[in-house]
Participant: 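Next up is a structure, given as structure tokens.
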2 protein chains.
Amino acid sequence: MAVPGTPRRRPTIMEVAREAGVSHQTVSRYLRNNGEGLKDATRERVAAAIRELDYRPNLVARSMRTRRTGRLAILLPVLHSWNAARMLDGAVSAAHEEGFVVEVMSLDGDARARGERMFELADSGQVEGILSLTPLPPESASGLPAGAAVVVSADYDDKMRGIGELADGSTVGEIIEALAGMGHRRFLHVSGQLQFSSARGRLRTYVDTIARLGLESHGVVEGDWTPEAGLEAIRSLPEDSGVTAVIAASDVIAAGVCRGAMERGWRIPEDLSVTGWDDNPVGAHLHPSLTTVSVDLGLLGRNAMKRLVAVVRDVEPELVERPLNRIVWRESAGPAPRARTAGGPGPVRRRA
Amino acid sequence: MAVPGTPRRRPTIMEVAREAGVSHQTVSRYLRNNGEGLKDATRERVAAAIRELDYRPNLVARSMRTRRTGRLAILLPVLHSWNAARMLDGAVSAAHEEGFVVEVMSLDGDARARGERMFELADSGQVEGILSLTPLPPESASGLPAGAAVVVSADYDDKMRGIGELADGSTVGEIIEALAGMGHRRFLHVSGQLQFSSARGRLRTYVDTIARLGLESHGVVEGDWTPEAGLEAIRSLPEDSGVTAVIAASDVIAAGVCRGAMERGWRIPEDLSVTGWDDNPVGAHLHPSLTTVSVDLGLLGRNAMKRLVAVVRDVEPELVERPLNRIVWRESAGPAPRARTAGGPGPVRRRA
DNA sequence: ACCGAAATAGTGAACGTTCACTATTACTCG
DNA sequence: CGAGTAATAGTGAACGTTCACTATTTCGGT
């Protein structure tokens with residue numbers, strides 16, 4: 001998180017006018033009509049001055065005078081249904097409670113493009129803080145625009161300080177322990193894009209837990225959060241891999257895994273146990289219904305926003321501490337094929 | 001859509017000061033410290049004047065002076081995964097392209113509470129337009145605050161002018177025609193909450209199409225968009241209902257329907273065909289994979305926003321005309337039990 | 001070369017607040 | 001009771017633009 005630097009005042013229209021040797025009104029006209037109605041020479045002098053001073057108009061002042069805000073509102077139903085939407089919901093309401101208004105931008109393009117867009121926004125002076133729920137490139141951390149807004153991020157690259165809660169993959173450990181208690185010995189993990197710290201967190205816990213409990217891993221398939229990744233992972237599994245449980249990094253991936261298992265004639269959970277992550281509502285009514293991890297994304301978004309607000313105000317954040325992840329056991333996970341006698345899911349003795 | 005009324009100027013701090021017989025600075029203090037540091041008598045005079053004039057501070061002017069915007073930004077990944085999120089995505093980018101900034105608010109509470117919140121927002125002068133993607137009560141239509149922003153809505157009650165595109169349930173007709181072509185004669189519809197025009201549109205088309213093609217309907221179950229509604233609908237179906245196809249108003253409902261069918265030992269699609277709506281990514285990899293309707297929600301949101309911008313600017317909107325709904329045939333729909341000889345899905349001869 | 005209109009540029013005020021002062025009033029204490 | 005100080009209230013400027021004017025320049029036509 002970058003501490004706002006010297007609040008270096010931005011140049012005003014007046015300074016541009018002086019630099020260009022014209023009146024402020026001429027600069028104003030240049031900005032309004034994009035140069036129409038100015039003599040070529042004048043236009044160029046103004047353009048040069050603007051470039052020289054790195055001038056950008058103060059939109060608040062403009063709004064004040066024009067009485068136009070250039071702002072629209074979108075009213076949404078409460079977003080319980082999808083991940084980013086649920087985080088958004090929590091974050092937005094936390095911001096409102098603190099008296100802030102939020103601008104939502106959805107950023108596409110690659111990480112580099114997103115990073116640039118973020119830079120622009122931070123530099124524009126239009127916002128006091130930025131909460132990024134989308135990964136940005138590590139370079140963004142350094143050299144943030146001087147008087148710039150603060151950046152906090154929910155699911156970030158390690159080099160920048162991500163808030164890390166989403167990255168908490170420890171629940172994967174609990175799942176594996178429980179599955180081991182049901183006789184599973186050999187696992188497969190289908191991860192999400194490793195650009196996301198959440199994907200990395202789950203992967204890391206998977207690897208650690210397998211090692212800690214002395215279990216075996218057939219390997220890790222690096223996916224991209226799509227069902228196809230899950231499907232492919234199963235399709236390319238040798239018949240004699242010995243894998244009896246697949247830990248998928250999301251429900252959508254898990255759906256692909258289930259699909260793949262069907263294709264190969266493997267029954268779930270009799271032949272293969274599958275677990276997902278996210279508690280997608282459709283998953284609860286799949287056949288078989290999907291064992292998954294329910295994440296309190298609203299709380300996550302809320303806490304992320306509280307962190308941001310705290311940084312903007314330079315105080316300590318008051319976070320709500322409450323478990324974020326909860327395993328939801330459903331039909332898709334059960335005893336391992338050869339250990340069918342064991343009971344239902346439950347904790348396992350640690351070897352530690 | 002309400003046309004902005006006379007731009008009745010809001011009272012300023014100066015007028016409040018005159019009314020209360022104090023200086024403008026005293027009013028400013030009152031606003032800043034919520035009355036701290038004022039003599040009781042003074043405080044009350046100011047409070048009375050504010051009440052009398054229905055004064056509210058001009059936040060733009062305040063921002064201008066304090067150099068604090070009270071605005072934060074949230075950066076999101078492009079939201080392809082969930083309904084409201086996808087519409088939001090389209091709407092936000094359309095607004096950005098038009099040079100507007102959007103404030104997102106998620107409104108909970110009942111329709112009445114949402115309506116009041118909308119009123120406040122419209123009256124605050126903070127935004128130039130409001131796009132509501134959540135239903136508001138019909139009363140909201142009338143008596144919008146005078147200088148208020150425009151309201152457009154995507155999924156609205158009939159009494160207010162909803163944009164109606166989401167309400168287009170005509171694709172249900174195509175689905176039924178195709179199913180009839182595969183030998184289905186008796187249908188069941190599980191609707192969404194009829195508060196939503198989308199739910200009403202699908203229901204209306206269902207009823208009309210059944211009548212038009214001379215088919216039979218076992219009835220309509222009014223659901224609430226949850227899987228449980230679908231589950232219950234199937235559970236309470238008599239063994240001899242004769243229903244061979246269920247049209248669910250959403251994929252989530254359809255998942256419940258599938259679940260119910262499993263419980264009763266009915267195979268899908270051999271015994272029962274099921275169709276959903278939304279093209280939920282998990283549905284594509286269900287077993288059986290779900291026949292559904294893919295809706296271009298990004299386009300929908302984009303067009304809704306273009307309408308709003310057009311109204312704000314008092315010009316004609318330039319909408320992108322392109323089919324919104326597309327049927328995705330998958331495993332969950334197939335020939336009716338007694339007509340197993342017929343081919344795959346396809347159009348049916350109309351009786352009309 | 002001159003007139004008049006069009007094109008271009010400049011001046012000062014205004015938008016509605018808060019900031020940084022100064023002025024007044026009320027209170028405390030010797 | 002008066003001086004000193006704290007509490008309360010008032011004054012004018014400033015924030016950075018655009019608006020509504022006025023002033024100057026340019027240029028075509030006679």
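All values reported here derive from a predicted model rather than from experimental measurement. Protein chains get the first letters and strands the later ones, always in sequence-line order, with residue 1 at the start of each.
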Participant: Please name all residues satisfying salt bridge (charged side-chain N to carboxylate O under 4.0 Å, His left out) with B:R302, sequence neighbours left out, ordered by chain then number.
Facilitator: B:E97
Participant: Does anyone know the first and last nucleotide of DNA chain D in reach of chain B, 5' to 3', at under 4.0 angstrom to a heavy atom?
Facilitator: D:dT8 to D:dG16
Participant: Is any side-chain heavy atom of A:R62 closer than 4.5 Å to one of A:L59?
Facilitator: yes
Participant: Hey, can you pull the residues of residues 19-28 of chain A with a non-hydrogen atom under 4.0 angstrom from DNA chain C?
Facilitator: A:V22, A:S23, A:H24, A:Q25, A:T26
Participant: Mind checking A:L59 for me? I need base, sugar-phosphate or nothing, with any heavy atom below 4.0 Å counting as a touch.
Facilitator: nothing
Participant: Please examine the side chains of A:S28 and A:L31, heavy atoms only from C-beta on, and report whether any two atoms are closer than 4.5 Å.
Facilitator: no
Participant: Pick base, sugar-phosphate or nothing for B:Y30, based on heavy-atom distances below 4.0 Å to the nucleic acid.
Facilitator: nothing
Participant: How do B:M64 and B:T42 order along DNA chain D: which one's closest nucleotide is nearer the 5' end?
Facilitator: B:T42
Participant: Side-chain contact, heavy-atom cut-off 4.5 Å: A:Q25 with A:I13?
Facilitator: no
Participant: Looking at B:N303, B:D296, B:L297, which one forms a side-chain contact (heavy atoms from CB on, under 4.5 Å) with B:L324?
Facilitator: B:D296
Participant: Take A:R29 and B:P11, find for each the nucleotide of DNA chain C with the closest heavy atom, and name the residue whose nucleotide sits nearer the 5' end.
Facilitator: A:R29
Participant: Would you mind telling me which residue lines up with the more 5' stretch of DNA chain C, B:K39 or B:N58, judged by nearest nucleotide?
Facilitator: B:N58
Participant: Can you tell me if A:S93 uses its side chain to pair, donor with acceptor, with the backbone of A:D89 under 3.5 Å?
Facilitator: yes
Participant: Considering heavy-atom distances to DNA chain D, does B:L38 or B:R67 have its closest nucleotide positioned more toward the 5' end?
Facilitator: B:L38
Participant: Residues two or more places apart in sequence or in another chain: which of them pass salt bridge (charged side-chain N to carboxylate O under 4.0 Å, His left out) with B:E98?
Facilitator: B:R313
Participant: Just to verify, what does A:E15 make a side chain to side chain contact (heavy atoms under 4.5 Å, CB included) with, not counting sequence neighbours?
Facilitator: A:R9, A:P11, A:T12, A:R18, A:L53
Participant: Taking five pairs at each end, how big is the angle between the two axes of the helix from C:dA1-D:dT30 to C:dG30-D:dC1, to 10°?
Facilitator: 30°
Participant: Quick one: does A:E52's side chain get under 4.5 Å of A:V16's, heavy atoms only?
Facilitator: no
Participant: Please examine the side chains of B:Y55 and B:R10, heavy atoms only from C-beta on, and report whether any two atoms are closer than 4.5 Å.
Facilitator: no
Participant: Can you give me the closest heavy-atom contact between A:V104 and B:H96, atom names plus distance?
Facilitator: O-CE1, 3.8 Å
